[in-house]
Amino acid sequence: MEEKSKAGGKVVAKKRLRDKNIDQQPLDQEMAYILQYYAISSDITILHSHLTASTGGCNPLAETGRSKLQNQRAILNQQILKAVRLRAGAENLLRVTTNNKVREQVLLELSFVNSDLQILKEELEGLNISVEVYQNAEEAFSIPLIPLGLKETKEVDFTIPLKDFILEHYSEDSSEYEDEIADLMDLRQACRTPSRDEAGIEMLISYFNQLGFIENRFFPPTRYMGILFTWYDSFTGVPVCQQNLLLEKASILFNIGALYTQIGTRCNRQTQSGLENAVDAFQRAAGILNYLKETFTHTPSYDMSPAMLSVLAKMMLAQAQECVFEQISLPGIRNEFFTLVKMAQEVAKVGEVYMLVDTAMNQAPVKENIPYSWSKLAQIKSDHYKALAHYFVATILSDHKLRSTDDEDQQEKIWSQLYDHMPEGLTILTILKDKVQRKQLGKAHLRKAIVYHEEALRACGLCRKLRNIDILQEILTVAHKRSLLKYAQQEQEDDFLSLIQAPDILPKTEHKVDMVSPQLSKVKVKDFFHRLGPLSVFSAKQRWTAPRTICFHCEDGKLGFTLRGGAPVQVHSLDPICSAASLGLKEGDYIISVEGMDCKWLGVNEVLEKLKSKGEQDTEIQVISCQDTTASMHNKSATYSVGMQKTYSLICLAMEEDKIDHSKKTTTPKVPFLSWGTKNRQKAASTLCLPSAIAGSSQTKKLTSPFTLLNTENLLY
């Protein structure tokens, strides 16, 4: 705790150092006081409030139920990582040993480790079903909704790789960009604990958009930067390590969707505005998850696999449909013929979508990793809402009779749309006019409602996690008793003669919910590294010569060349005998400064004005020449997931602590797990195993640059 306090104090002091208006001398003294205070203070909450105030993130040590869950999730992730490392080591020993005694001991250890992993997985599932923490604080008689937990990540230090790249690639003094790098790291740190509101969503989208700039500025297609991103699977707790920035992008998108689900569950479902906000949040969550599935085709973790994302999107739409029904029924349900028919079909629609979710959750490979309690809750909701639909129809049949003042044609039309088929021996007119048949059909619907209610209660009793949710048990019990009471009010003497089976109710809704496509571009962000120049020219894909200084003078008021293009401007129509050409100026050179003033963002007219303002005097400019980029792209991904065949993930994690051996030979490159775009969608059927080597593919060319530290195969084995 003391070490965290000291480190936090340094960060606070560093933030203060960025203010150019403060003298260095008193600030050094102030920093010493800050470090001394945080070294002895036991109130670390004050420190974290300083760290998060400027970036908008939540205080990670705030005593809220949600923050406690996230902290428990982080602890479980570390315990799972330790257990997986032990299992991987034992499996490796089992493969190589020939000693029978050693094999017996290793097998025994493996059984213990696997048991520990199962227990940890159940604890993680318990966190995923802790839905009551995320619900609205107001007392509400509503079935809890399921939110997604945020993916956890490890800290990333961009400082050395980005500073080295700025110096090597852009030929600029990297020390001048320390503030920009610190701002980027502060934003990422804040994104680990976003606030559960629109401000948190906007901050995550801002970081996602900022990553687009970072990718173009610092991640060339020909090599990796040596920055290792580690994200933990939301369901299994297994870490995934990758040098590809796309893992960072995909995980941030997942957290945006997860945060929308938490916002939706937090909405007050006792008000119309709260339900509208909940519907909107779940639709946006489904849109984000679907966008993630469509955009990132080879995902390295189970929670972001296409099958899992498809199920999660369906679950969010089902919860949105549930909120729509609650919104319709919030003012109260009038015991009136047409109103009850409408409500029966609306609630049948909710039951249908949850049935589809339950079916999807029980399909491989999703079934292996989806929390068991989620699947059971989907089944419970499907049965519960189907029971309500039959209860509403039974109420129509028992409480409403066709009167002479009623519109018979209209009621007949409504009944024809309520069933997919009529019970055998019955017609719509018989139901409307025959009191006995009407009564028998109503009791058949009540029996079916009771069966569904009992099945929902049975499923709830089978799941230990759901049994502990009191409000869920209470709602199911009340609905069951209401149907039993309604059935008891009917005459019982002729039940054994009734052979009518209640038909299924056709689901229908006037408020169909759809995914809301994400509009990430609406959140405008400024490129942190704007000073490097226009991104269309000054990007990681382009290469240039080092800046050259040329001091020339105008002859007879003429420069000897013209300028073209936008910012930055290019030299055009260069006179080969002019002063500038003789000093090394070339056709197509970019002018990046005039008399020491940066002009990367200036247009033709502005640069010409600066050049001509010198008259006959010598003018000093700096220029760069674009070089051809013919290096081929790597076809080797740095994605390795713990728990898969071999222990690549463990090796990646060990890179952060151990020295890398450069003496081993390289091996054949493999297909990337994660690709940006949809061109490889056909190959994305299996995302949960390591890809095989490509037959006949060429070996990756060995790079000698210091930035290729984590690129070559020999560093990973």
Side-chain angles (χ1 to χ4, degrees), residues 6-32 34-35 50-51 54-55 155-190 207 210-211 213-220 223-229 243 245 525-535 537-549 567-568 590-602 620-624 656 705-710:
K6 292 180 180 179
K10 292 179 181 178
V11 174
V12 174
K14 186 176 180 181
K15 286 177 179 290
R16 298 294 303 273
L17 278 169
R18 296 182 207 163
D19 190 349
K20 306 300 182 183
N21 298 323
I22 301 178
D23 288 334
Q24 187 68 34
Q25 182 70 24
L27 188 57
D28 289 341
Q29 186 176 3
E30 181 184 1
M31 184 172 70
I34 291 175
L35 293 174
H50 279 293
L51 294 178
S54 62
T55 52
E155 292 186 10
V156 174
D157 190 352
F158 292 101
T159 307
I160 295 177
L162 295 194
K163 289 180 71 173
D164 287 349
F165 193 82
I166 290 172
L167 178 62
E168 182 260 353
H169 187 78
Y170 292 101
S171 300
E172 294 202 24
D173 184 0
S174 57
S175 62
E176 296 181 358
Y177 291 88
E178 289 182 353
D179 287 352
E180 286 82 351
I181 296 174
D183 288 339
L184 175 64
M185 294 174 62
D186 289 345
L187 179 58
R188 186 184 190 275
Q189 182 66 19
Y207 180 59
Q210 196 66 240
L211 288 176
F213 290 119
I214 299 301
E215 182 178 21
N216 288 322
R217 293 281 191 193
F218 299 105
F219 285 78
R223 71 188 190 201
Y224 293 114
M225 285 290 292
I227 302 174
L228 194 65
F229 300 100
Q243 295 180 63
L245 190 67
V525 296
K526 182 181 178 182
D527 182 7
F528 282 155
F529 298 90
H530 175 85
R531 290 190 293 134
L532 289 174
L535 192 57
V537 176
F538 296 94
S539 69
K541 296 178 181 179
Q542 302 286 345
R543 293 193 64 85
W544 316 270
T545 60
R548 309 190 309 276
T549 301
Y590 289 96
I591 299 179
I592 59 174
S593 73
V594 176
E595 293 294 334
M597 181 176 295
D598 190 295
C599 61
K600 296 190 191 80
W601 287 96
L602 300 183
E620 182 181 285
I621 62 173
Q622 274 195 327
V623 297
I624 57 174
E656 301 175 6
S705 168
F707 302 99
T708 63
L709 182 60
L710 296 177

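Since the model is a prediction, treat every value here as computed from it, not as a measurement. FYI, side chains are in, hydrogens and waters are out, and symmetry mates aren't considered; it's all heavy atoms of this structure.
- Put simply, CZ on F165 and CZ on F529 are 11.5 Å apart, with the number rounded to the nearest 0.5 Å.
- In this structure, CD1 on I227 lies 9.0 Å from CD1 on I214, to the nearest 0.5 angstrom.
- Contact annotation: the side chain of L167 never approaches that of D173 to less than 4.5 Å [non-hydrogen atoms, C-beta and beyond].
- Residue Y590 holds its OH atom at 8.0 Å from CD1 of I624, rounded to the nearest 0.5 Å.
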Q: Tell me, with the steps shown, if R531 and W601 meet side-chain contact (heavy atoms from CB on, under 4.5 Å).
A: CA-CA 9 Å; R531 290 190 293 134; W601 287 96; over 6 Å; no
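- What you find for K600 and L532 is that their closest heavy atoms are CD-O, 3.2 Å.
- A heavy-atom distance below 4.5 Å is found between the side chains of F528 and L187.
- Two residues are said to be in side-chain contact when any heavy atoms from C-beta on lie closer than 4.5 Å; E180 and H530 fail this criterion.
- The pair K163-E178 counts as a salt bridge, with a side-chain nitrogen and a carboxylate oxygen less than 4.0 angstrom apart.
- Separating the OH atom in Y224 from the CG atom in L245 is a distance of 11.5 Å, to the nearest 0.5 Å.
- For the residue pair F158 and R188, the shortest heavy atom distance occurs at CE1-CD, 3.9 Å.
- Side-chain contact between R543 and H169 is present, with at least one heavy-atom pair separated by less than 4.5 Å.
- The CD1 atom of I592 lies 14.5 Å from the CE atom of M597; values are rounded to the nearest 0.5 Å.
- With sequence neighbours excluded, no residue forms a salt bridge (charged side-chain N to carboxylate O under 4.0 Å, His left out) with E620.
- In this structure, D527 and Q210 have side chains that are in contact, with non-hydrogen atoms separated by less than 4.5 Å.
- Inter-residue side-chain proximity for Q622 and V594 is flagged as unmet; no heavy-atom pair is nearer than 4.5 Å.
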(Q) For a side-chain contact (heavy atoms from CB on, under 4.5 Å) check, start with the C-alpha distance between C599 and I591, then their side-chain angles and the critical distance, and finish with the verdict. (A) CA-CA 7 Å; C599 61; I591 299 179; 3.9 Å; yes
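- Across F538 and P568, no two heavy atoms sit closer than the pair CE1-CG, 3.6 Å.
- Rounded to the nearest 0.5 Å, atoms OG (S539) and CZ (F213) are 13.0 Å apart.
- D157 is listed as a side-chain neighbour of M185, based on a closest heavy-atom distance under 4.5 Å.
- A salt bridge does not link E172 to R217: none of the charged side-chain nitrogens sits closer than 4.0 Å to a carboxylate oxygen.
- W544 has its ring centre less than 6.0 Å from the ring centre of Y170.
- A 4.5 Å side-chain heavy-atom check between V623 and P547 finds every atom pair outside the cut-off.
- In this structure, Q243 and F219 approach most closely via the heavy-atom pair O-CE2, 4.1 Å.
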